[in-house]
Amino acid sequence: QVQLVESGGGLVQAGGSLRLSCAASGRTTSNYAMGWFRQAPGKERDFVAAISRGGGTTYYADSVKGRFTISRDNAKKTVYLQMNSLKPEDTAVYYCAADVALVLHTEGRAYDYWGQGTQVTVSS
């Protein structure tokens with residue numbers, strides 16, 4: 001079992017920045033690829049970014065490429081999502097997830113464990 005807790009969400013003006021954190025506990029989290037997803041009201045959950053077990057490979061949704069950066073610190077069992085140049089359309093609940101697979105997945109159903117989410121609201 002892996003437990004995931006997100007933090008760092010909040011209200012920010014367009015053009016601003018936030019850094020989300022995902023603290024993991026339980027089994028050795030370096031055995032998991034990690035991903036960030038988001039869900040806006042009335043919309044489906046969307047892939048945002050993913051990072052490999054060692055942190056050497058990352059993948060981003062086109063909508064956030066160049067603005068968001070995913071990283072991890074396995075010693076601290078924490079994954080981060082640095083979000084810059086935020087737009088109102090980035091408003092959503094952001095979730096982190098852990099995937100035991102060796103490859104990076106963009107489909108949520110591939111992930112094994114999920115956090116409870118943290119709200120990000122970007123005002124115009």
Side-chain angles (χ1 to χ4, degrees):
Q1 285 283 350
V2 174
Q3 292 79 42
L4 304 172
V5 179
E6 302 94 336
S7 62
L11 173 64
V12 64
Q13 288 187 332
S17 299
L18 283 174
R19 188 176 82 155
L20 306 184
S21 299
C22 173
S25 61
R27 290 185 176 180
T28 304
T29 53
S30 58
N31 289 338
Y32 296 85
M34 300 295 294
W36 284 97
F37 291 78
R38 65 186 182 186
Q39 188 167 20
K43 296 187 176 181
E44 294 185 351
R45 181 179 59 195
D46 289 332
F47 169 78
V48 175
I51 188 167
S52 60
R53 296 179 178 187
T57 302
T58 58
Y59 188 74
Y60 297 91
D62 287 343
S63 59
V64 306
K65 200 173 295 183
R67 299 188 298 124
F68 291 11
T69 303
I70 188 171
S71 61
R72 68 189 297 164
D73 184 335
N74 284 339
K76 296 182 178 180
K77 295 185 177 182
T78 302
V79 178
Y80 305 97
L81 185 69
Q82 178 67 44
M83 306 186 296
N84 298 329
S85 302
L86 283 162
K87 304 175 181 179
E89 52 262 43
D90 294 318
T91 295
V93 177
Y94 283 71
Y95 299 90
C96 70
D99 179 5
V100 70
L102 290 173
V103 298
L104 296 184
H105 288 117
T106 61
E107 305 87 1
R109 62 179 181 267
Y111 287 75
D112 304 288
Y113 301 100
W114 292 82
Q116 294 300 308
T118 185
Q119 176 71 47
V120 172
T121 304
V122 184
S123 63
S124 57

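In this structure, the separation between CD1 on Ile70 and OG1 on Thr57 is 11.5 Å, given to the nearest 0.5 Å. Note that CD of Gln13 is 5.0 Å distant from OG of Ser123, once rounded to the nearest 0.5 Å. The SG atom of Cys96 lies 11.0 Å from the OH atom of Tyr111; values are rounded to the nearest 0.5 Å. Ser7 OG to Tyr94 OH: the interatomic distance, rounded to the nearest 0.5 Å, is 15.0 Å. Atoms CG and OG1, from Leu81 and Thr118 in turn, are 11.0 Å apart once rounded to the nearest 0.5 Å. Of the inter-residue distances, the one linking Arg19 atom CZ with Thr69 atom OG1 reads 11.5 Å to the nearest 0.5 angstrom.
Not a single donor-acceptor pair under 3.5 Å links the side chain of Glu6 to the backbone N or O of Cys22. Within the 3.5 Å criterion, the main-chain N or O of Ser85 finds a donor-acceptor partner in the side chain of Arg67.
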Step by step, work out the side-chain contact (heavy atoms from CB on, under 4.5 Å) result for Gln119 and Thr91. CA-CA 8 Å; Gln119 176 71 47; Thr91 295; 4.0 Å; yes
As a quick check of understanding, evaluate side-chain contact (heavy atoms from CB on, under 4.5 Å) for Asp99 and Asp112, giving each step before the final call. CA-CA 5 Å; Asp99 179 5; Asp112 304 288; 3.6 Å; yes
Worked verdict on Met83 versus Val120 for side-chain contact (heavy atoms from CB on, under 4.5 Å): CA-CA 10 Å; Met83 306 186 296; Val120 172; 3.9 Å; yes
Should Asn74 and Arg53 be marked as a side-chain contact (heavy atoms from CB on, under 4.5 Å) after you check the CA-CA gap, both sets of side-chain angles, and the distance that decides it? CA-CA 9 Å; Asn74 284 339; Arg53 296 179 178 187; 5.9 Å; no
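Nearest approach of Asn84 to Ser17, heavy atoms of both residues: OD1-OG, 2.9 Å. The minimum heavy-atom distance linking Thr106 with Phe37 is given by the pair O-CE2, 3.4 Å. Looking at every heavy atom in both residues, Ala50 comes nearest to His105 through CB-O, 4.3 Å. A pairwise comparison of heavy atoms in Trp36 and Tyr80 identifies NE1-O, 3.5 Å as the closest pair. For the pair Ala14 and Pro88, the tightest heavy-atom approach, listed with the atom from each and the gap, is CB-CD, 4.1 Å. In this structure, Thr78 and Ser21 approach most closely via the heavy-atom pair CG2-CB, 4.2 Å.
Connection of Phe68 to Val122 is established within a shared hydrophobic cluster, with ILVMFWY side chains joined at heavy-atom distances below 4.5 Å, either directly or through further cluster members. Cluster annotation: Val100 is connected to Met34 through the hydrophobic network of ILVMFWY side chains, with a link wherever side-chain heavy atoms come within less than 4.5 Å. Connection of Tyr95 to Leu20 is not established within any shared hydrophobic cluster, with ILVMFWY side chains joined at heavy-atom distances below 4.5 Å, either directly or through further cluster members. Hydrophobic clustering keeps Val103 apart from Tyr59 (ILVMFWY residues linked when any side-chain heavy atoms are closer than 4.5 Å, directly or through intermediates). Criterion: ILVMFWY side-chain heavy atoms under 4.5 Å apart, direct or through other members. Under it, Phe47 and Trp114 are part of a common hydrophobic cluster.
At a threshold of 4.0 Å, the pair Asp62-Lys65 counts as salt-bridged, since one of the basic side-chain nitrogens sits closer than that to a carboxylate oxygen.
The environment of CD in Glu107 is crowded: more than 12 heavy-atom neighbours from other residues, nucleotides or ligands sit within 6.0 Å. Within a 6.0 Å sphere centred on CD of Gln3, other residues, nucleotides and ligands contribute more than 12 heavy atoms.
Val64 has its side chain within reach of Arg38: a pair of non-hydrogen atoms, C-beta onward, lies under 4.5 Å apart.
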